[in-house]
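Down below is the structure, laid out as structure tokens.
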Amino acid sequence: MAEFEPKIVAFMCNWCSYAGGDLAGTSRLQYPPNARIIRLMCTARLDPAFVLKAFAEGADGVLVAGCHIGDCHYVSGNLKAEKRVEMLKKLLPELGIEPERLMLRWISAAEGERFANTMKEFIARIKKLGPSPLSASAGV
Amino acid sequence: MAENKEKGEKGTNREEKEEPRIGVYVCHCGINIAGVVDVKDVAEYASKLKNVVVSRDYKYMCSDPGQQLIKDDIKEHKLNRIVVAACSPRMHEPTFRRALEEAGLNPFLFEQANIREHDSWVHMKQPKEATEKAKDLTRMAVARARRLEPQQKPKVKVEKAALVIGGGVAGIQSALDLADMGFKVYLVEKTPSLGGKMAQLDKTFPTMDCSACILTPKMVDAARHENIEIITYAEVEEVDGYIGNFKVKIRKRAKQVLEDKCTGCGLCAEACPVEVPNEFDQGLGVRKAIYVPFPQAVPLVYTIDDEACLGCGMCEAVCGPEAIDYDQKDEILELEVGTIIVATGFDQFDATRKPEYGYGRYENVITGLEFERLVNASGPTGGKLLRPSDGKEPHRIGFILCVGSRDAKVGNPYCSRVCCMYSIKNARLYKEKHPEAEVYIFYMDIRAYGKGYEEFYRQAQEEYGIKFIRGRPGEIVEDPKTKNLLVRVEDTLLGLPLEVELDLVVLAAGMEPARDSDKVQRLLRLSRSADGFFSEAHPKLRPVDTLTDGIYLAGTCQGPKDIPDTVAQASAAAARAAIPMAQGEVETEPIVAFVRKELCIGCRICERTCDFGVITMVDRKAQVNEAICKGCGACAAACPTGAMQIRHFTDEQIYAMIEAALHDETVEGGREEVKTEA
Ligand SMILES: Cc1cc2nc3c(=O)[nH]c(=O)nc-3n(C[C@H](O)[C@H](O)[C@H](O)COP(=O)(O)OP(=O)(O)OC[C@H]3O[C@@H](n4cnc5c(N)ncnc54)[C@H](O)[C@@H]3O)c2cc1C
Ligand code: SF4
Ligand code: SF4
Ligand code: FES
């Protein structure tokens with residue numbers, strides 16, 4: 001049987017984390033290819049419904065990444081995202097989804113290595129958890 | 001002000017007006033992408049996606065012929081959306097947007113899939129998976145592209161005035177250059193005088209010019225320049241707005257001396273009975289409660305140190321022009337500027353953080369900057385280097401390099417770039433005056449990288465007889481009776497442990513980010529690199545820009561530098577800041593909030609969410625002031641009905657990407673022809 005390859009959707013802000021991903025690329029840091037990144041200007045744009053939508057469409061994990069606290073290009077967008085993620089983590093179990101399937105990380109534009117490590121860590125975590133109860137591959 | 005009239009209700013219409021006709025271009029980037037990702041397969045795959053009319057792969061999409069390909073296809077195939085799967089949009093989005101514009105298409109009808117930085121470069125050993133990922137990313141881009149709408153870039157008028165924060169040599173140089181170009185400059189300095197650290201130095205390597213002699217004329221030029229307004233004893237308190245229209249609040253602290261009346265005669269200081277340590281002399285000498293930091297200060301206006309002043313009235317009694325005003329209050333100045341240059345400099349590493357060297361405990365251990373003051377003719381000892389413990393001239397001096405630099409233990413793994421050279425300079429200075437003295441330099445490596453620096457170092461070794469010992473001293477022990485110092489070091493060239501007895505030790509304390517960098521960072525929303533200095537937009541290609549448009553970096557606030565590099569960077573920052581001011585207007589991103597009025601229920605959640613006061617309620621519906629909206633999206637994420645949206649980042653566009661990320665929607669049809677090779 002082929003190893004379970006989780007589907008991951010990532011929401012990242014343009015200024016820090018997406019740029020951190022670019023730096024991981026220019027530094028040729030290797031990490032597993034499971035995530036599909038959606039670029040937002042700031043994590044402030046993260047509507048909780050985006051995360052729910054991703055799970056409903058079959059994502060096995062959702063990663064949200066933004067600037068470190070204090071570094072947000074719009075001052076406190078990341079604090080707002082943090083609150084929303086906390087709220088979602090309480091809500092997810094009600095929907096039968098383990099809260100560990102949602103992760104929030106602060107990654108600066110200078111942290112290519114942290115970006116790659118976050119990818120490795122999160123993908124390994126989701127692999128361990130197995131397919132999301134909502135994903136098509138679950139129970140198959 | 002932003003001119004957004006054109007946007008009106010555009011973008012509020014959720015129905016697509018015309019059927020999308022999408023062109024997809026998969027870039028090889030030489031072998032950067034094609035060496036890992038099967039680009040032909042990706043292009044072939046994209047051709048099957050709904051609405052894709054043309055799908056091609058090409059060697060270098062960003063090249064002229066690559067862009068021409070897009071332009072020709074737009075005309076020939078009536079394309080109205082373009083997707084390029086290539087490098088990061090942070091790299092070439094502007095390039096491709098321009099190509100669209102040149103072909104008569106609105107530049108916002110463009111989407112880029114990042115299949116290089118986020119794919120081929122990070123999955124180099126998994127070509128199959130990387131190709132699949134490239135297809136997914138392209139599909140996501142196509143899904144978003146279908147829903148893209150044209151946007152107008154608001155034009156912003158640029159105020160022809162600049163703010164320079166920090167009056168060290170960097171700030172002075174930037175201000176002079178901009179002023180010479182004809183722009184108004186506000187030069188804000190925290191202390192009572194311009195000059196920064198360079199004013200404290202004695203001589204400068206490698207030419208041994210007297211520091212004040214080359215700096216003072218520049219300070220005077222700045223003071224005389226009709227376009228420069230110097231604001232000293234002042235700090236920036238608030239910065240609002242954006243490139244072209246920054247609104248800045250500055251607190252000008254009360255000097256309690258009227259600047260337009262003070263003639264700088266100094267009678268007041270003579271009369272003042274209070275003596276406190278002089279910061280300018282690193283606390284080694286004294287000044288009065290009413291003072292100028294140093295005799296050549298610019299502006300030459302006395303300042304009352306509020307904490308030290310007794311209020312005795314002696315100064316007021318002797319002041320001829322009646323310049324003293326004890327009731328003077330801090331002043332808040334409000335300025336409007338188009339661009340900002342940050343030149344807040346550095347602070348010296350606090351040497352007490354290396355307790356093994358005894359700084360602060362042993363009287364005869366001093367720092368480099370203290371040495372500069374002690375050998376300076378206008379310093380506290382009139383230029384005679386005397387041991388702090390007994391006031392005698394030292395015979396044996398040791399300089400220890402890399403104190404607080406290249407030292408992970410204190411959190412500073414970086415090189416401060418000037419300490420080797422300034423220590424050699426100071427060693428030579430002492431040897432020149434005291435040829436009989438024994439002078440040692442304890443080093444790890446000597447970094448003499450600049451023009452004339454290696455020669456300067458060689459001379460120190462060969463002609464001056466300064467002894468270079470390779471090794472980082474483990475500790476210094478003081479003889480409590482003589483106050484002499486015993487330096488313990490392993491000479492790594494000889495592989496021998498050594499003990500050297502010295503009369504005076506000078507620590508080459510390195511450069512650290514200025515102590516109030518946190519505050520400045522927050523005010524201007526700058527980012528900082530791992531070493532704590534402010535970071536530039538791109539380490540190679542945009543070394544003086546920041547990620548915030550209209551804000552630039554000059555001098556050591558960006559990283560350790562010597563004076564030549566500081567001055568060069570300061571001129572570079574001035575040149576960069578001049579560009580938008582010379583152009584007179586800049587285009588800004590139209591990514592701002594807008595309201596779908598029919599959905600708004602007037603709950604005011606968005607109004608409370610926005611940190612920038614952008615949203616007001618008009619007729620119980622939310623209304624956005626586009627000119628001040630930053631486009632962060634917080635309001636849209638909070639709106640319970642989907643009424644609040646962000647241009648170019650609407651809910652539909654993002655949902656489409658989420659769906660496309662997780663489902664392969666390859667549908668046949670909706671295309672007239674397929675071409676896969678250019
Ligand atoms: C001991 C020593 C010896 C040296 N010798 C040499 C030499 O011989 N040759 C050489 O080329 N280089 C030498 N250097 C390096 C040189 O000092 C620096 O390159 C130069 O001073 C950097 O200038 P700057 O304007 O970037 O920073 P600074 O000189 O630090 O100036 C920054 C200015 O900004 C002000 N400021 C800070 N924060 C704010 C704020 N928030 N608001 C308003 N104002 C603010 C500060 O008060 C200061 O006036 C030496 C350095 C040291 C420590
Ligand atoms: S996008 Fe951000 S700045 Fe603009 S109105 Fe919404 S919350 Fe305020
Ligand atoms: S949050 Fe949405 S519904 Fe509520 S006032 Fe703002 S735009 Fe209208
Ligand atoms: S801009 Fe990165 S989190 Fe706000």
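In the text below, chain A, chain B and the rest are named by the order of the sequence lines, each starting its count at 1. Everything quoted here is computed from the prediction, not taken from an experiment.
What you find for B:Arg522 and A:Ile69 is that their closest heavy atoms are NH2-O, 4.4 Å. B:Gln521 and A:Asp71 make their closest contact through NE2-OD1, 3.0 Å (heavy atoms, listed as atom of the first residue, atom of the second, distance). A:Trp15 and B:Leu547 get closest at one heavy-atom pair: CZ3-O, 3.9 Å. Between B:Ala634 and A:Arg84, the closest heavy-atom pair is O-NH2, 3.3 Å. For the pair B:Asp611 and A:Lys80, the tightest heavy-atom approach, listed with the atom from each and the gap, is OD2-NZ, 2.6 Å.
The distance from atom CD of A:Gln30 to atom CE of B:Met124, rounded to the nearest 0.5 Å, is 6.0 Å. Taken from OH in A:Tyr74 to SG in B:Cys610, the straight-line distance is 12.5 Å, to the nearest 0.5 Å. A distance of 11.5 Å separates NE2 of A:His73 from SG of B:Cys632, quoted to the nearest 0.5 Å. Going from atom CD1 of B:Ile654 over to atom CZ of A:Phe11 covers 7.5 Å, rounded to the nearest 0.5 Å.
With a threshold of 4.5 angstrom between heavy atoms, B:Asp651 approaches chain A through its backbone and through its side chain. Using a 4.5 Å cut-off between heavy atoms, B:Met140 touches chain A through its side chain atoms alone. For chain A, the nearby parts of B:Ala661 are the backbone and the side chain; heavy atoms of each come within less than 4.5 Å. Contact of A:Val75 with chain B is made through backbone and side chain together, with heavy-atom distances under 4.5 Å.
Under the 30°/60° scheme for interplanar angles, the aromatic rings of A:Tyr31 and B:His123 are found to stand perpendicular.
Residues from residues 32-54 of chain A that place a non-hydrogen atom less than 4.5 Å from a non-hydrogen atom of chain B comprise A:Pro32, A:Pro33, A:Ala35, A:Arg36, A:Ile37, A:Ile38, A:Arg39, A:Leu40, A:Met41, A:Cys42, A:Ala44, A:Arg45, A:Leu46, A:Asp47, A:Pro48, A:Ala49, A:Phe50, A:Lys53, A:Ala54, given in numerical order.
Here the rule is side chain to side chain contact (heavy atoms under 4.5 Å, CB included) with B:Trp121, and of A:Thr26, A:Leu29, A:Asp22 only A:Thr26 fits it.
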